[in-house]
Undergrad: 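Got a structure here, written out as structure tokens. Questions coming.
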Amino acid sequence: MEKASKKSTGTKKQSSYTPEENNSMLQELFLEELRDIYWAEKHLVKALPKMEKAASSEELANAFNEHLAVTQEQVTRLEQVFELLGEKARGKKCEAMEGLVKEAESVIEDTEEGTSTRDVALIIAAQKVEHYEIATYGGLATLAKTMGINQVKELLGQTLEEEKETDELLTQLAENNINASASQEEA
Ligand code: FE
Ligand code: FE
Ligand code: FE
């Protein structure tokens with residue numbers, strides 16, 4: 001980028017983050033990204049119960065219920081991250097998560113209650129959410145490592161693993177008969 005006046009030279013060189021001097025462009029970007037995902041996770045805490053309620057199968061409803069508990073822990077983990085950085089935890093509206101949740105709501109409207117087709121649609125909507133989260137936490141964990149803030153990197157990495165596990169679980173639910181069951185449903 002043309003504005004950058006200094007280029008980092010060594011590949012192993014890491015800067016370290018101190019709250020007193022958190023005024024670099026990159027540190028501000030990092031904080032903004034944290035505020036975005038913090039808002040997004042809190043938005044999901046509100047959306048997941050609706051998805052649980054809309055699910056046709058008990059197994060999918062349970063998966064959403066379990067992920068709600070996990071998501072609440074992730075919110076707390078982000079609060080720990082803000083604290084480690086000496087910053088107040090605050091959210092900033094994530095347009096992407098707002099849109100993804102709207103999509104989940106519209107597939108509920110567009111599908112019939114009690115059908116496996118609805119569950120297929122909910123799984124896809126939920127996997128879009130998980131992939132957004134995986135991209136975010138993956139990028140932020142990598143950045144935290146570069147910035148030399150290892151405790152933060154660990155916390156973000158933990159959440160990253162949970163999102164990946166959830167994505168895989170959703171794939172399993174689709175494969176272990178929700179998709180097949182939907183394929184038997186009449187128009
Ligand atoms: Fe999450
Ligand atoms: Fe966002
Ligand atoms: Fe998630």
Side-chain angles (χ1 to χ4, degrees), residues 1-49 51 63-64 66-104 124-172:
M1 284 181 30
E2 55 182 50
K3 265 192 165 178
S5 52
K6 286 178 196 166
K7 275 189 177 175
S8 64
T9 45
T11 47
K12 281 188 178 167
K13 183 138 195 333
Q14 290 195 347
S15 60
S16 53
Y17 186 110
T18 56
E20 302 78 48
E21 46 175 278
N22 58 357
N23 50 3
S24 81
M25 275 195 292
L26 187 60
Q27 285 167 355
E28 192 46 47
L29 173 76
F30 187 69
L31 280 174
E32 283 294 288
E33 291 284 342
L34 285 173
R35 290 170 188 140
D36 179 280
I37 193 65
Y38 184 59
W39 188 96
E41 294 285 16
K42 292 209 294 187
H43 195 55
L44 281 169
V45 167
K46 290 182 271 177
L48 281 162
M51 294 169 77
F64 287 143
E66 275 163 37
H67 200 57
L68 172 63
V70 169
T71 300
Q72 283 163 332
E73 277 176 47
Q74 293 172 346
V75 169
T76 304
R77 205 174 281 142
L78 283 171
E79 286 164 356
Q80 290 170 347
V81 168
F82 281 112
E83 203 181 327
L84 281 168
L85 299 176
E87 295 285 334
K88 234 179 116 178
R90 69 181 154 96
K92 186 187 170 208
K93 187 177 179 182
C94 171
E95 305 285 349
M97 192 56 77
E98 184 181 58
L100 290 169
V101 166
K102 275 186 190 161
E103 279 196 25
I124 293 172
Q127 285 188 297
K128 289 179 186 180
V129 168
E130 295 314 310
H131 280 243
Y132 179 80
E133 294 181 307
I134 290 166
T136 303
Y137 285 108
L140 290 181
T142 301
L143 186 52
K145 189 179 169 196
T146 305
M147 292 165 79
I149 37 180
N150 286 315
Q151 271 178 293
V152 170
K153 191 219 138 205
E154 290 304 318
L155 288 168
L156 297 174
Q158 248 177 294
T159 298
L160 175 63
E161 289 312 308
E162 291 171 353
E163 311 296 19
K164 286 182 183 171
E165 280 166 23
T166 303
D167 180 51
E168 277 163 30
L169 172 70
L170 290 165
T171 297
Q172 279 172 26

Undergrad: Rounded to the nearest 0.5 Å, how far does CG of Leu156 lie from CD of Gln80?
TA: 11.0 Å
Undergrad: Do the non-hydrogen side-chain atoms of Leu44 and Leu68 ever get within less than 4.5 Å of each other?
TA: no
Undergrad: CG/Leu140 to CE/Met147 distance, rounded to the nearest 0.5 angstrom?
TA: 9.5 Å
Undergrad: Ignoring hydrogens and angles, state whether a donor on the side chain of Tyr137 or Glu161 is under 3.5 Å from an acceptor on the partner side chain.
TA: no
Undergrad: Indicate yes or no: at least one non-hydrogen side-chain atom of Leu85 is less than 4.5 angstrom from one of Leu34.
TA: yes
Undergrad: Does atom CD (Glu83) have a neighbourhood of more than 12 heavy atoms from anything else shown, all under 6.0 Å?
TA: no
Undergrad: Say you draw a straight line from CZ of Phe64 to OG1 of Thr71; how long is it, rounded to the nearest 0.5 Å?
TA: 11.0 Å
Undergrad: Are the side chains of Met97 and Glu133 in touch, meaning some heavy atoms are under 4.5 Å apart?
TA: yes
Undergrad: With a 4.0 Å cut-off on N to O distance, would you call Lys46 and Glu98 a salt bridge?
TA: no
Undergrad: Is there a side-chain contact between Thr146 and Leu26 in this structure, where contact means two heavy atoms from C-beta onward sitting under 4.5 Å apart?
TA: no
Undergrad: With rounding to the nearest 0.5 angstrom, report the CD to CD distance, Glu168 to Gln127.
TA: 10.0 Å
Undergrad: Quick one: which of Lys92, Lys93, Glu95 gives a side-chain contact (heavy atoms from CB on, under 4.5 Å) with Trp39?
TA: Lys93
Undergrad: Measuring from His131:NE2 to Asp167:CG, what's the distance to the nearest 0.5 Å?
TA: 3.5 Å
Undergrad: Enter the distance from Glu130:CD to Lys164:NZ here, rounded to the nearest 0.5 Å.
TA: 12.5 Å
Undergrad: Return the minimal non-hydrogen interatomic distance between Cys94 and Ala40, and the atom names on each side.
TA: CB-CB, 4.1 Å
Undergrad: Kindly indicate, with the supporting measurements, whether the criterion side chain to side chain contact (heavy atoms under 4.5 Å, CB included) is fulfilled by Lys128 and Tyr132.
TA: CA-CA 6 Å; Lys128 289 179 186 180; Tyr132 179 80; over 6 Å; no
Undergrad: Could you tell me if the side chain of His67 sits less than 4.5 Å from the side chain of Met51, heavy atoms only?
TA: no
Undergrad: Donor-acceptor pair, distance only, cut-off 3.5 Å: does the side chain of Glu87 make one with the backbone of Phe82?
TA: no
Undergrad: Do Ile149 and Val81 have side chains that approach each other closer than 4.5 Å (heavy atoms only, starting at C-beta)?
TA: no
Undergrad: Locate the shortest heavy-atom distance separating Leu160 from Gly138; write the atom from each residue and the value.
TA: CD1-N, 3.7 Å
Undergrad: Please tell me if the side chains of Asp36 and Glu32 come closer than 4.5 Å, counting only heavy atoms from C-beta onward.
TA: no
Undergrad: Please check if the number of heavy atoms outside Gln151 that lie under 6.0 Å from its CD is greater than 12.
TA: no
Undergrad: Name the one of Glu163, Glu162, Glu154, Glu41 that satisfies salt bridge (Lys or Arg N to Asp or Glu O under 4.0 Å) with Arg77?
TA: Glu162
